[in-house]
Amino acid sequence: MNILIDDIQPFKEFTIRGCRECQFSNGGHLFAAVHGNVIQLYATYTFENVGNLKGHNGKVRSIVWSQDDSKIISCGVDGAVYEWSVYTSKREGESVLKTCSYTCAAVSQDGSTTFAVGSDKTLKEISDSQIQREVPAADTVLTQCAISRSGRMLFVGTAQGSIRAMKFPLTVPGEWTEHQCHASSITKMRISYDDGFLFTVGEDACLYTFKIMDKEGRGLKAKDITYAEEILISKSDLQEKDTAMKELKTRVYELNMENEYQLRLKDMNHHEKTKELTEKFIQEMESLKTKNQVLKTDKDKEEAKHEEERQELIEKQHQELQDLESANNQKLMAEYEKYQELQAKSQRMQEEYERQLAAKSDSHKQALREQTEQYETKLHEKIGQLEAAHDEQRQTMRIHEETKKQIEEDADREILDIKNMYERRLREEKEGNMRLTGETGIMKKKFKSQEQEIEALKSDINNLNTEKNKTQWSYQVSREGHFRSEEGDPGKRRNHSRQGKENLRPEEKEPGTREVQVCA
């Protein structure tokens, strides 16, 4: 069979009846198939039967190749385990135990040791055609065994569906770790090439995959395996894939063209819309710039006005301050002059008192003390008045600063109110422009519909005029024919004209009073 990219196809069929066991060599150039009690060897590339291994007396249950493909170990229901040479197709070793029906065998990496299980409930280790060791299975029939390529692990399967990981090398009595998985007997057991996984199949129609790990629960180190990058594919599948690929390429090309066309259309529409929006935006920007310039001019005027008022208030404040300082200075000078005069007067009185001291020292001293206290009291009063004047000046300065601050805050608040008012007007103007734009669109639609109705009415009027002209022309033609027929009979023509006048409607008898109405 050929393994393709997503399928398996048969390539060659062999007629081998009752073949229950087939095994490829490790190199892949040979494979062995069991036909009853005969093992047939075939070449993989030429499908030629290169040898037949005959010697078993019963059905062969298991065959296994050695690592170098030079030997084949087989076992069967006849209780025989044979070692065959692939090159000579002859038996090189044997171990026969009639009381045991073997079901599976495994060979070590060097090919010197064989492990076999069968119906006698033991695991046998055979070397040099001799049973070296028998490990009892505790009253359980062992059906399968498998040894890893590293030669460090040995697994056996039981008839109850459990798997045993044997302690290797084997000891008597044996030690193992048992894992229950299948519901019935295990029929086949294999280990992957990299010793990473164990695969088992049982009579319960189940396939189990186990990951092989060491005692500490760690996975085994994977071997570096080089896989082939080439894959097989049938010619019909290749042609179908090529056809599908061509169709998909055509479809992709068509979709690309269609997408490019759609993209060009969308780009054109977007460019037109962008152009319209840009023009509209530029117009709005110009109008907003104009309004902003007007607002800026108004703002500059208001700022200049407020600056003038501020300068006037500052000048007024300075003038008031200077007036207060001059008034206070004048008061201070007057008080100082009074003080100087009082001091001079006190000096004169003191000199006079000193002259009179000799006579009236006691009375003069008493009077002097009284006068001194009196004048000191007056001096303290004047100093208090001076400090009160200074306090009044500071209070006036503080009131002036507060008034200035309040005026500046009022001016800032008024500027902010004006700004908010103009911004609100700007928003209202924008909303009005948007509303007028919508109404303009509606009026344009109404105007177009009115134009269509007018065109339809004009078309109806033209059709009616055409019908009227046709009717008049047919009437004139019929009348001329009638007059020609009456030219040969004057009496008949007079009677006809008289009858026609009598049949005229009242509004048609008088000339110039006939009306023609055309209804559209």
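Numbering starts at 1 and runs along the sequence shown. Note that the structure is a prediction, hence the values are computed from the model and not measured.
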Does [X] use its side chain to pair, donor to acceptor, with the backbone of [Y] at less than 3.5 Å?
X      : Y      : result
Asp195 : Ser150 : yes
Gln180 : His182 : yes
Ser148 : Met153 : yes
Asp69  : Gly27  : yes
Asn292 : Leu288 : no
Thr171 : Gly174 : no

With a 4.5 Å heavy-atom cut-off, do [X] and [Y] have their side chains touching?
X      : Y      : result
Leu342 : Leu379 : no
Met189 : Phe199 : no
Leu123 : Arg164 : no
Thr143 : Thr187 : no
Pro136 : Lys121 : no
Trp176 : Phe168 : no
Gln67  : Arg149 : yes
Arg369 : Thr372 : no

To the nearest 0.5 Å, how far apart are [atom1] in [X] and [atom2] in [Y]?
X      : Y      : atom1 : atom2 : result
Tyr193 : Asn26  : OH    : CG    : 8.0 Å
Asp417 : Arg424 : CG    : CZ    : 9.0 Å
Glu286 : Lys289 : CD    : NZ    : 5.0 Å
Asp323 : Thr396 : CG    : OG1   : 12.0 Å
Phe197 : Lys211 : CZ    : NZ    : 6.0 Å
Asp410 : His306 : CG    : NE2   : 10.0 Å

May I ask you to decide whether [X] forms a salt bridge with [Y], counting only side-chain N to carboxylate O separations under 4.0 Å?
X      : Y      : value
Lys305 : Glu302 : no
Glu284 : Lys430 : no
Lys299 : Glu303 : yes

Notebook entry, point to check: Do Glu307 and Gln311 have a side chain donor and acceptor closer than 3.5 Å?
Noted result: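 Glu307 vs Gln311: donor-acceptor pair found between side chains.
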
Check: Are Ser162 and Thr158 close enough that a side-chain donor and a side-chain acceptor fall under 3.5 Å?
Finding: yes

Item checked: Set of salt bridge (charged side-chain N to carboxylate O under 4.0 Å, His left out) partners for Lys188, sequence neighbours left out -> Glu21

Checklist line | Aromatic plane relationship, Tyr208 with Phe210 - under 30° parallel, 30 to 60° tilted, over 60° perpendicular | finding: parallel

Between side-chain atoms of residues 243-259 and protein atoms elsewhere (two or more places apart, or another chain), which donor-acceptor pairs fall under 3.5 Å?
| unit_1 | atom_1 | unit_2 | atom_2 | d |
| --- | --- | --- | --- | --- |
| Thr243 | OG1 | Gln239 | O | 2.9 |
| Thr250 | OG1 | Lys246 | O | 2.9 |
| Asn256 | ND2 | Val252 | O | 3.1 |
| Asn259 | ND2 | Leu255 | O | 3.0 |

Check: Has Arg425 got its NZ or CZ under 6.0 Å from the middle of the six-membered ring of Tyr422, at an angle within 45 degrees of the ring axis?
Finding: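 Judged by the rule, Arg425 and Tyr422 form a cation-pi pair.
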
Check: Checking side chain to side chain contact (heavy atoms under 4.5 Å, CB included) against Ile186, which of Val156, Val201, Leu142, Ile163 comes through?
Finding: Ile163

Notebook entry, point to check: If you look at every heavy atom in Ile147 and Val107, which pair is closest and at what distance?
Noted result: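 That would be CG2-O, 3.2 Å.
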
Item checked: Exceeds 12 heavy-atom contacts within 6.0 angstrom, atom CE of Met434 ->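 No.
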
Note to self: Once salt bridge (charged side-chain N to carboxylate O under 4.0 Å, His left out) is applied, what residue pairs with a partner in residues 329-347 remain, sequence neighbours excluded?
What the structure shows: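 Passing the test, one end in residues 329-347: Glu335-Lys382.
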
